[in-house]
There are 2 protein chains.
Amino acid sequence: MSKSKLTVEDEAGALKAAIAAENRRVTSYDVAQLAGVSQSAVSRCFKPGASVSRGTYALVMKAAALLDYIPNAAARSLITRRSHMVALIITSQANLYYPELLAEVSQQMTARGKRVLLFTLQREADVDRVLADIWQYQVDGVIAAARLSPSHIAEFDRRRMPVVLFNRQLRDHTVNTVTCDHLESGRMLASRLAAAGHRQFGIIAGNDDYSVASERQRGACERIAELGLPAPVVVPGAYDYRSGALGLKAIIAQLGSVPDAIICGSDVMAIGCLDYARHELGLDVPGQLSVAGFDAVEPSNWISYNLTTLRQPLPKMAAAAAELLCARIDQHDTGTERRVFSAQFIEGATARLTPAGAPAAIGAPSLRLPVAIM
Amino acid sequence: MSKSKLTVEDEAGALKAAIAAENRRVTSYDVAQLAGVSQSAVSRCFKPGASVSRGTYALVMKAAALLDYIPNAAARSLITRRSHMVALIITSQANLYYPELLAEVSQQMTARGKRVLLFTLQREADVDRVLADIWQYQVDGVIAAARLSPSHIAEFDRRRMPVVLFNRQLRDHTVNTVTCDHLESGRMLASRLAAAGHRQFGIIAGNDDYSVASERQRGACERIAELGLPAPVVVPGAYDYRSGALGLKAIIAQLGSVPDAIICGSDVMAIGCLDYARHELGLDVPGQLSVAGFDAVEPSNWISYNLTTLRQPLPKMAAAAAELLCARIDQHDTGTERRVFSAQFIEGATARLTPAGAPAAIGAPSLRLPVAIM
DNA sequence: TTGTATGCGTTATCAC
DNA sequence: GTGATAACGCATACAA
C-alpha cells in the first residue's frame, strides 16, 4: 500500500464523511465525482438500455456501491412523469374477506415494475377523501375495488388518470373493468338448486354498499322467476357471520316455515347461516335445508363446512386488472375494455344437488342423504 | 356580461387549454399567473400555517380550483426530504391470516398524515429485493412485519431510515419493536391447561419463517417442564389448516396414543387439528382431547369452533407501531423502545379448563363433559 | 460514447 | 405579507 496514492476506497470514505457532515443525501453528482465521469454518465448507467461503455459502467457501479448510492425515485419521477406507483383503493371489509386479493394485486404489480400505494376505506363514502391524496402522489394509475361515482370517473378522465374498476360496474360509462359475472353466478346457483328439487328459496342479500351481492341476488331471483317457482324471501345482510344467522331467522319468521334452500350473498354469511341452522335450530343441512354461498373463501373448504359455493378466479382477475392498467400506462392504450370472468361452481356438501347436466328434476323428490352417515 | 372584459373563468379556460396543448401539468406558476400573484405566494397558500393575507389566499384558492391544481408531492418531497410515505413490509401469509392488521396500520398512518407503500413477500427471503425498492422511494420510515437480519438493520441505521419491527424480535439489536409477549402467551396457555389436569401435551409449532410460533412453543415447553409434566411431543407446521390435521396425526403416531391437549402455534392450525380430531378421528373435543390455538382469528369465534385461544391486541399494536414510527420521523426521536403487549385469554370451548385463579389440579381427574350433551 | 446545459415543480431563503 | 432566486436530484436534448 503506497501512502502517497489514495485508493478509491479512501476517497469514497472521505466523500461519505463530507456528505454526512453536510447532512445531505448521496447524489449522482457524488458518484460522478468519485468515478471521475459526468453526472449524466451516472444517470445513464442506471437506465437500462442506455449507451454506456463497459469501462465507465464498471467505474460508475463501483463508485455507486462504495457510496451506497441509490437513485432518488422522486427526482426521477419529476422529470420522467412516471412514478411507477399505482394506487389501490380497497375497503377494509373487502380486504378482510378477500385478503388474497391484495397480495395478488401487489405481486402482479411488482412483476410489472410498479409499487402499490394503499388506500383503505372504512366506508365506501370515504373515497372522496382518498382521491385528493391520490392526485398529489402522482401515481401512474389506480385500481379501485370500491364504488366510484360517475363524477369520480369524470375526474379520472379529466386528469387523464388510468383506472381499472375491480368487481364494480358503472353503467353507461366507459371505464376499464374487471369483474366476475355475478349475475350469471346467481343464475347458475339458482338453476342447480332448482334442478335438484328446491322450490322455496330464501335469499340473504347484501346492503347497497357492495353491488356484487345485489347482482348475485338479481341473477338468482331472475332465474327462480323464469322457472316458475315461488317468489323467494329476500332479506338484507351486512356480509358478516352474524348476518347469516339473523338472515335465516328473519326468513323463517317471514315465511312461517323453513325454506328449501338459502342463497347467501357471501360465504361468510352462508357459514353464519349454516352454523345457526345446525347448532341453534338443530336443522339437518343439507337434509332439511340447503345452504349455498359465493366466493369460496378459505373456511368454506374446511371439513366443518364444506360449503356449496362459487369461486371467483381472483388470481386471474388480479392479473387482468394489472394487465389492463399497465397497458394504459405503458402503451398509452386508450381503449376501454371490460373483462368478465365466470365463477367456478364448487359442489361442496351443504346443498342437495343433482350432477351437472342431469335432466332437471323440478318438483321431483329430492335426494336425501341417510341420517346414519351424517 | 361584457364582451370586452374577460372573466377569470374565461381566462382559466384558455389557460387550461394551453396547458393541455403543451401536454404538461398544471403547476403553481399557472395558478400564480391566473391569480395575479407570485409563485411563492401560491406555495405558501398550500402550506398550513404560512403567512398569507386573506385576500391573496382567496384569490389563489379560486384560481387553483378553476385549474384543478393539486400540489405535486414528488416535487415537494424533493426539497422537504419528507415523502409522507411509509413502507409496510408484510408476508402474503401474514396478510392472509391477519387481514385486519393491514387495515389497522393503514388507518393509523392515514390519521397521522402518511400513506402506506405496500410490499408483500411471498417468502421471508424476498426481503432483500424489496429493500432496494424502498430506498429508491424515499419513504420516511418502514414498518416491517417480516424477518430482518442484523445486516438489514445495519443498513437501516446506515441510511438513517426509521424502522419498527412488528411481532419480530432481533436479539442484541437496538430497534423499535412492537410485539405481543408470545413467550408469556405460551406459558399462560400451558399453565391453564395443566391446571385443568392435562398432563401429556402435543405441540404443533411453526417453521423457522415465523418466530412468533416458536416463541409460543418455547413458552409452553418451558412451563410444562417447570410443572414436572411429561415432555410434550412437538411437530412442525406451516401455519395452515392442513398442518393442523397432519400435525395431530403425526403427534398421535409418535406418541402411540391421543395426548391430553394439543397446543397449536396458530388458530388456523388449531382449527385444522380440531376438524381432523372430530370429523376424521371421531374424537370428542374437549371430552377426549383439548385443542387450543393463538390469535383469535375471526373463524375461531364461529359456533362450529368456539376455540380456546389467545387474542393479540392487534389494533393497539398497530397504533403503537404507527406512534413509534411517527415519533422517530416527526420528532426525530432517536431512542429505541420495545412495546410489549399481553395477549388476552379466550376460554372458548375446545379445552377443558378450570376457572382462572382456581387451585391447580395437576394429576387430578379432569372434568369430562357427559357424552350425552355433545 | 461522453459531457454540457437545461428543466421537472416545489419549498426555502432572503431581501423588500 | 410578498416576490425574486436558489436549491432539491435526476433525465435528456444536444453538441462534441
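A, B, ... follow the sequence lines: proteins, then strands. Residue 1 opens every chain. Quick caveat, the model's predicted, so the values are computed rather than measured.
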Which atom of Arg76(A) lies closest to which atom of Phe46(A), heavy atoms considered: NH2-O, 4.2 Å

Between Pro162(B) and Asp140(B) the two heavy atoms that sit nearest each other are CD-O, 3.3 Å

Checking all strands, does Ser77(A) fall into the base, sugar-phosphate, or nothing category for heavy-atom contacts under 4.0 angstrom? nothing

Taking only side-chain nitrogens and oxygens of Thr56(A), does any of them come within less than 4.0 Å of OP1 or OP2 of dT1(C)? no

Indicate whether any N or O donor in one side chain lies under 3.5 Å from an N or O acceptor in the other, for Thr7(B) and Asp10(B). yes

For the pair made of OH in Tyr57(A) and P in dT2(C), what is the distance, rounded to whole Å? 13 Å

Using modelled atom types only, decide if a donor and an acceptor are shared between the side chain of Asn176(B) and the backbone of Glu337(B) within a distance under 3.5 Å. yes

Could you write nucleotides 6-16 of chain C as a row of B, S and -, 5' to 3', where a protein heavy atom under 4.0 Å of any base atom gives B, of only sugar-phosphate atoms gives S, and otherwise -? -BBBBBB----

Side chains of Gln138(A) and Ser83(A): do they bring a donor and an acceptor to under 3.5 Å? no

Rounding to a whole Å, what distance do you find between Leu59(A):CG and dT1(C):C1'? 14 Å

Would you say the ring centers of Trp135(B) and Tyr69(A) fall short of 6.0 Å from each other? no

